[in-house]
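Scroll down for the structure; my scribbles are underneath it.
These numbers come from the heavy atoms of this one structure, side chains and all, not from hydrogens, waters or symmetry mates. Sequence positions, counted from 1, serve as the residue numbers for this chain.
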Amino acid sequence: MTMAKNNYTRININNVEAMYPRLDKPYKWSDPQGKSMPCDAFDEGAAYEVNFNMTKEQAVDLYKNMVTAWDEGRQSSWPEKIKMSFKELDGGRWRGKSKIKAAYGQNIVRPPTHYDAKGVKLDDDFQLTSGSTVNINVELVPYSTSTQFGISLRIRAVQVVSLAEMPEANPFGEVDGYSAKTEDDNPFGESEVIAEVEDVPTPKTTKSRKKKAPVEPAKEASDLDDILSQFSDGDKVDD
């Protein structure tokens with residue numbers, strides 16, 4: 001792969017949603033596992049990477065920056081224009097990817113640095129979670145191969161604006177057996193009380209005649225109008 005020899009442009013991609021971050025250590029794809037797994041920095045395919053979801057406006061701005069970096073850094077034998085490499089999602093969202101190899105030749109790449117919202121550096125073993133809102137600092141690197149060309153978004157640093165909760169993975173499925181839920185966990189359920197009592201004379205009660213409450217006349221339509229008038233601003237609203 002040929003890359004433009006230049007001082008690469010660095011930009012921030014702000015307020016995007018991080019998806020599937022693998023930034024705490026090098027990862028590479030594993031066919032037996034069917035997913036990316038931690039690996040040595042010098043393994044083939046070892047890299048740090050994160051996908052990110054953005055709005056259409058953010059995607060347009062990022063693409064403009066990529067086009068500018070391509071125009072400034074491409075070699076004369078390279079194509080004049082690059083295609084947009086983002087994936088369109090439902091709801092008007094777009095997905096991009098930022099990635100950097102774990103090593104170039106014999107030189108190990110430093111893992112992307114993480115900062116909190118105040119700009120304080122986080123621990124080296126900090127793990128970003130999917131769904132977090134982040135600012136991503138990337139290098140825009142023009143490249144061209146025999147089959148592909150474009151701008152690589154090399155991730156250099158991440159600022160965590162809002163950290164999503166780490167999901168707890170359950171390695172087990174449902175089987176027959178013990179259940180922590182009991183039949184009746186309600187301490188206030190009905191209970192039957194049986195007690196024997198002696199015959200006790202029933203006290204005499206004096207009957208009192210209740211006066212009948214006066215019957216209110218039916219509400220007139222004007223009463224409803226008075227209630228509705230409390231919620232009216234007095235302006236006429238056309239349908």
Ser36 vs Ser30 side-chain heavy atoms within contact, under 4.5 Å: no
Lys35 atom NZ, over 12 foreign heavy atoms within 6.0 Å: no
Main-chain N/O of Asp61 paired with Asn65 side-chain donor or acceptor, under 3.5 Å: yes
Tyr8 vs Arg154 side-chain heavy atoms within contact, under 4.5 Å: yes
Tyr63 and Phe86 aromatic ring geometry - parallel, tilted or perpendicular at 30°/60° bounds: perpendicular
From Ser85 atom OG to Leu153 atom CG, the distance as rounded to the nearest 0.5 Å: 6.5 Å
Minimum side-chain heavy-atom gap Met54-Leu62 below 4.5 Å: yes
hydrophobic_cluster_shared for Leu23 and Ile108, side chain cutoff 4.5 Å: no
Hphob cluster co-occupancy, Trp78 + Phe149, side-chain heavy atoms under 4.5 angstrom: yes
Rounded distance (nearest 0.5 Å) linking atom NZ of Lys25 with atom CG of Asp125: 8.5 Å
same_hphob_cluster(Met84, Ile82) at 4.5 Å side-chain heavy-atom cutoff: yes
Taking every non-hydrogen atom, the tightest pair across Ile136 and Ser98: CG2-OG, 4.4 Å
Contact summary for Ala46 and Pro26, nearest pair of heavy atoms: CB-CB, 4.3 Å
Lys99 atom NZ, neighbour heavy-atom count above 12 within 6.0 Å: no
Intermediate values then yes/no, side chain to side chain contact (heavy atoms under 4.5 Å, CB included), Trp94 and Leu89: CA-CA 5 Å; Trp94 295 78; Leu89 306 175; 5.9 Å; no
Tyr115 side chain near Leu122 side chain, heavy-atom distance below 4.5 Å: no
Smallest separation among heavy atoms of Thr9 and Glu72, with atom names: OG1-OE1, 4.4 Å
Atom of Pro142, atom of Ala69 and distance for their closest heavy-atom approach: CG-O, 3.6 Å
Approximate separation, where rounding is to 0.5 Å, of Ser130 OG and Glu165 CD: 13.5 Å
Same cluster (ILVMFWY, side-chain, under 4.5 Å), Tyr27 and Tyr104: no
Distance in Å, Met66 CE paired with Ser152 OG, rounded so as to fall on 0.5 Å steps: 8.5 Å
Minimum heavy-atom distance Gly105-Phe42, with the two atoms named: O-CE2, 3.7 Å
Non-hydrogen side-chain atoms of Ile155 and Asn137 separated by less than 4.5 Å: no
Greater than 12 external heavy atoms within 6.0 Å of Asp116's CG: yes
Any donor-acceptor N/O pair, Asp71 side chain to Thr68 backbone, under 3.5 Å: no
Any donor-acceptor N/O pair, Trp29 side chain to Gly34 backbone, under 3.5 Å: no
Sequence neighbours excluded, every pair satisfying salt bridge (Lys or Arg N to Asp or Glu O under 4.0 Å) that has a member inside residues 79-96: Glu17-Arg93
Non-hydrogen side-chain atoms of Leu128 and Val158 separated by less than 4.5 Å: yes
Salt-bridge present (Arg156, Glu139; N to O < 4.0 Å): yes
Heavy-atom donor-acceptor pair, Ser132 side chain to Ala164 backbone, under 3.5 Å: yes
Any side-chain heavy-atom pair of Asp124 and Lys121 under 4.5 Å: yes
Sub-4.5 Å side-chain heavy-atom contact between Lys97 and Glu49: yes
Pairing residues for Asn15 by the side chain to side chain contact (heavy atoms under 4.5 Å, CB included) criterion, not counting sequence neighbours: Gln58, Thr133, Asn135, Val161
Nearest-0.5 Å distance that lies between atom CH2 in Trp70 and atom CD1 in Ile151: 6.5 Å
From CD (Gln127) to CG (Leu163), nearest 0.5 Å: 10.5 Å
Shortest non-hydrogen contact from Phe126 toward Asp24: O-CB, 3.6 Å
